[in-house]
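Read the structure below first, then the notes.
Order of the sequence lines sets the chain letters (A, B, ...), proteins ahead of strands, with each chain counted from 1. Note that this is a predicted model, so its numbers are computed, not measured.
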Number of protein chains: 4
Amino acid sequence: MNTFGNKFRVSIFGESHGPVVGVTVDGVLPGIPLKEEDFTEDLSRRKAGALGTTPRIEADAPEILSGVYEGHTTGAPLTIIFRNQNTRPEDYEAFRENPRPGHADFTANLKYGGYNDPRGGGQFSGRLTLGIVAAGVIAKKMMYFAKFNAALKEVGGLADAEKWPEALKAAAADGDSLGGVVECVVDGLPVGLGEPFWDSVESVLSHAVFAIPGVRGIEFGDGFEAARMRGSEHIDLFPEHKCHKDDPDHECCHGEHQEGEEHHCCGRHNRPQPPVTNHAGGVNGGITNGNPVVFRVAFKPTASIAKAGVGGRHDVCFALRTPVIVEAMAAICLVDLAL
Amino acid sequence: MNTFGNKFRVSIFGESHGPVVGVTVDGVLPGIPLKEEDFTEDLSRRKAGALGTTPRIEADAPEILSGVYEGHTTGAPLTIIFRNQNTRPEDYEAFRENPRPGHADFTANLKYGGYNDPRGGGQFSGRLTLGIVAAGVIAKKMMYFAKFNAALKEVGGLADAEKWPEALKAAAADGDSLGGVVECVVDGLPVGLGEPFWDSVESVLSHAVFAIPGVRGIEFGDGFEAARMRGSEHIDLFPEHKCHKDDPDHECCHGEHQEGEEHHCCGRHNRPQPPVTNHAGGVNGGITNGNPVVFRVAFKPTASIAKAGVGGRHDVCFALRTPVIVEAMAAICLVDLAL
Amino acid sequence: MNTFGNKFRVSIFGESHGPVVGVTVDGVLPGIPLKEEDFTEDLSRRKAGALGTTPRIEADAPEILSGVYEGHTTGAPLTIIFRNQNTRPEDYEAFRENPRPGHADFTANLKYGGYNDPRGGGQFSGRLTLGIVAAGVIAKKMMYFAKFNAALKEVGGLADAEKWPEALKAAAADGDSLGGVVECVVDGLPVGLGEPFWDSVESVLSHAVFAIPGVRGIEFGDGFEAARMRGSEHIDLFPEHKCHKDDPDHECCHGEHQEGEEHHCCGRHNRPQPPVTNHAGGVNGGITNGNPVVFRVAFKPTASIAKAGVGGRHDVCFALRTPVIVEAMAAICLVDLAL
Amino acid sequence: MNTFGNKFRVSIFGESHGPVVGVTVDGVLPGIPLKEEDFTEDLSRRKAGALGTTPRIEADAPEILSGVYEGHTTGAPLTIIFRNQNTRPEDYEAFRENPRPGHADFTANLKYGGYNDPRGGGQFSGRLTLGIVAAGVIAKKMMYFAKFNAALKEVGGLADAEKWPEALKAAAADGDSLGGVVECVVDGLPVGLGEPFWDSVESVLSHAVFAIPGVRGIEFGDGFEAARMRGSEHIDLFPEHKCHKDDPDHECCHGEHQEGEEHHCCGRHNRPQPPVTNHAGGVNGGITNGNPVVFRVAFKPTASIAKAGVGGRHDVCFALRTPVIVEAMAAICLVDLAL
């Protein structure tokens, strides 16, 4: 099923070379000011055209079909479509018989008995993420108190961004491609988002992030490095403070502490405080602890490479276009948990 | 909500120091032979007692309350409980006022307004994974055609298992703890499990795996390393073969190939073949491709360490007990996708 | 949430006087021939224009945006929109301040804080059932083995259809309106659709049917009359037959019957037979028993009446247009249970 | 799937003659005082023993396995079991080969390939409603502001309750059975419960009510009678009142009304008022309007009758025991919509 979320529900539809790609968002709060220009900034961050990205350029103008009245969301389902214009289905005709390696052509062919739309991967195309970015814009508006910030941290294994242009040119010259790592930081979240066990913050975020085509891994806080640390290095201690009878923020907790006794922050304080370090990435027991949520996502190198005999128009490093998609996914997940 | 899955649905309940922990599995096919002894092997793999694990030992005897009649599953919900016996709630009395770092005490306290069961983490305890292991046993029976194999690959950053005992002893002596990495390989899956976009195999598996307490990261196939590889290194090519008019397995595909023409395997063949390498970890476009599904999970070091002043009975390295849990999660996810 | 179904999932969007109303259907099997003309017959059954229906006439031409490729469904989400053309939003301007009795104006205003689209009821309009009828066409194609037949049985309390035109004219002349009763019969269903308890056939069908605006009641088989019958009148007996050793259809069941012994049909027979009467309406224990599923739906009289001072263009008896909607709901529910 | 609800989720398990029947309720708010005695009153309303009910008497003592700590709900899943004690499985041995008419024996046998538990209907038994009543007790505590009241209105077609004992005795003497009609009234609900279209109050309530074994119909407000009324008879008008500049409850709405102008109540008033009559049964457009929600449920006569050769211990009129179950269902549905 092409739907995600419980209370903020995102459904995508469309195909890469069909008439449209689109998204329906259900669960939008009524009364949010929304106009088509609000999508421009994020959509342009996803756009092609820069060094290392595909020459297929689309206008990507959103058309709001429902859910907005007199410039505000109504609370009804909000459907947005994007017309596909710069299509070249003929590039993809051979894919049914000769499935592209590293793509869904082979698996989709078998799963759908050969009836799937093969043009540009059909519904498996990265172009479907247009709707994700649009839904993310709405989610961010609803999470106005939080700040979402995803950025590329590595290209082709290089952490120094100044070396990326050269690496991209070299890969392109070889008919080859590069991967990358995106880091996302979400600030300003309240304590308490996420559910015990199955719908932990990490579970929900990873579910959404692995929906982005080309993701190979995700890690929170110290991530894989945590498995190599000792508990004393990885642990996030709570701040210590002293109880005072007359200070409403540090009152003597229910008489269980002595006046002036130093102790770790606890849940019943007026102003409970999150841990002082953030090795966990902002989550304890699946629930946000007030620190920034921090995670990293590994994107594989583009599969469609001239070196492997794949035609069509492709990114040398599609990871360049993904930070805004990762951000959108974070907002979609967190607003759903917050509602 | 404490439930996972659509057609094979696993619901957990219970608290670490309450009367029971348990699980209800809905969607079990009728007619599967099942008796309480069938759980013994997997439950014992999860058990404490070995070097590096907690001294809290429980019998962990499953009691089947429903869903089995005359030794076979009936298709009705299957509820299994495990009585908690070796409880010492007094160890945990102080946790509400002094939440343990690295645990859910702080976040649960705030989320549930102080009404959550604080004893041993209550519903946040790793003890809830007993029900997961039990559900995994049933899932594996339903996926009899597949082979699930999870094993510990690293302890405290050491890949050489012979060095683990020493490292565990050293950490214990320091009142400290270690993390680990588990690798899970699932063989024998059919092509076509997983759904496009939101319910990709990786999405569903990562969702479930991050529900296991203490997970910090997950990666598939080449994982984070893929982000540092070129496309030509990461790509999984399909086998080439020749078409022959008279060979039913390699027939001339619909007249589009010449007799004897060499070409890559395609979906319409009688025997479509998966890629010859497996950098992707058995999944393309979110859907299994016939190769083994391979993923790795990073577990943090145990948070409850004497060094940080946390009492109670704990594992030095709880990752030692997790492979069977990871296996169970894989089976739970894949049977749900297969139904 | 504006979505219904688990495996055949119908999501509606749009507003009565916005740019479109539409539907996304997810879970459509791939390979079903589908073109826009396939919707004509059912859409025209829902159309206005006949005696007793509204003078607002729309073209109601479906536009398929996704999920169809080369004339066949692909298995991807199928989105269909209908452009609204004959809109007169000015008719509805006063509804926010003066909510129409018997409509959602009052409740929607309060629920959405005044941000809902008030024009023609916005998302609460009966016009949203266009998408339902379209989804029903697809559902019926997937349930090609069953026959769906809904028809109006009563108008204004009259069972004799020849008296309807006069009654409709009389009500219209009085600025008043009439209700009606629709009966739906579904033939050809296999035994076994429906789930125990929560997702009984009756539960799922009534859930969907009460989504149609203006429904006041639903009953299955003998319905409310059953509450006034004795068990011996209401009960549906199974056919009796004789066991014979050599007749594969009536073999001596596992040696438990004597040769030639007369007994009621049972589940283990080669050809189990449904009950000979159908007071239950084709369902036992929530599960289809092989007899036709029969249910009746009560529609209230149109609320928008000149007599109560409500302007706009309305049906005298909107029940006239509902049989095809009831049929569509039946098909949507039953295909979801069948998948 | 044996689960209902989104935010207040009720899962049932167990079999009539297995070790237990039980229920898990997820989504319970933390901090609600709850002890086992709180269930006594409602459970005893469902109990057998009175005239017209089965001689199978069970203690029906609830055992809380999880979700309660120190006398309060914790917010974790709450599992309650009831041990089956007075079982006589031998009464039911013949049901697999000779399915009882009017029961699920036939359909269940076919659906589960003969592996379903046949004793007393197994999971299809009315005994599963014990868990429903228990969940209803919790739901009512969470809906403390509302008053749920279901009562039997008809037995065997008789509205005069004084005639029921004689009718019950007569039916029993004939080895026959009677049906009944239950009416449920819910007072004190806020405006705004229910969702547009699919999850209308009527949709959700009917879904749950048809899960109760033996229901043949449901109607809201005027119900089926509405189909025979004219619009002017069925319509619920809003109260009229006058606007005054200085009365904060009847202020001149945004300057759109004149001082002293009489008009119908509207959504933007400080104190919007529900309609003055209640033909609709408290719901407009699927959403509660502030009037009592009123619905009636038709129960068929007991199917297990001596006259049709069915042994075992049964109710002459099981409808006698259902009002508390209908009430529970109403509470379960409405708390789920309210959360």
Which pair of non-hydrogen atoms, one from D/Phe13 and one from B/Thr24, has the smallest distance, and what is that distance? CD2-OG1, 4.1 Å
Taking all atoms of both residues into account, what is the closest heavy-atom pair of B/Met1 and D/Lys7, and its distance? CE-O, 2.8 Å
Choice from D/Gly14, D/Gly75, D/Gly31 maximising heavy atom contacts with chain B below 4.5 Å: D/Gly31
Straight-line distance of B/Leu65 CG to D/Leu65 CG, nearest 0.5 Å: 7.5 Å
Rounded to the nearest 0.5 angstrom, the CD1-OG1 distance for D/Ile81 and B/Thr79 is 9.5 Å
Can you tell me which portion of B/Leu78 sits under 4.5 Å from chain D's heavy atoms? Options are side chain, backbone, both or neither. neither
Is there a donor-acceptor pair under 3.5 Å between the side chain of D/Asp26 and the backbone N or O of B/Asn2? yes
May I ask you to check whether over 12 heavy atoms, not counting those of D/Phe145, lie within 6.0 Å of atom CZ? yes
OH-CD distance between B/Tyr69 and D/Gln123, expressed to the nearest 0.5 angstrom: 14.0 Å
Out of curiosity, B/Tyr115 OH to D/Thr73 OG1, how far, rounded to the nearest 0.5 Å? 8.5 Å
Given heavy-atom pairs under 4.5 angstrom as the criterion, report whether the side chain, backbone, both or neither of D/Ile64 touches chain B. backbone
Is there side-chain contact between D/Lys111 and B/Pro30, with at least one heavy-atom pair below 4.5 Å? no
Using a cut-off of under 4.5 Å on heavy-atom pairs, state which of B/Ala108, B/Gly122, B/Pro19, B/Gly22 scores highest against chain D. B/Pro19
What option among B/Gly18, B/Gly27, B/Pro77 has the most heavy-atom pairs under 4.5 Å with chain D? B/Pro77
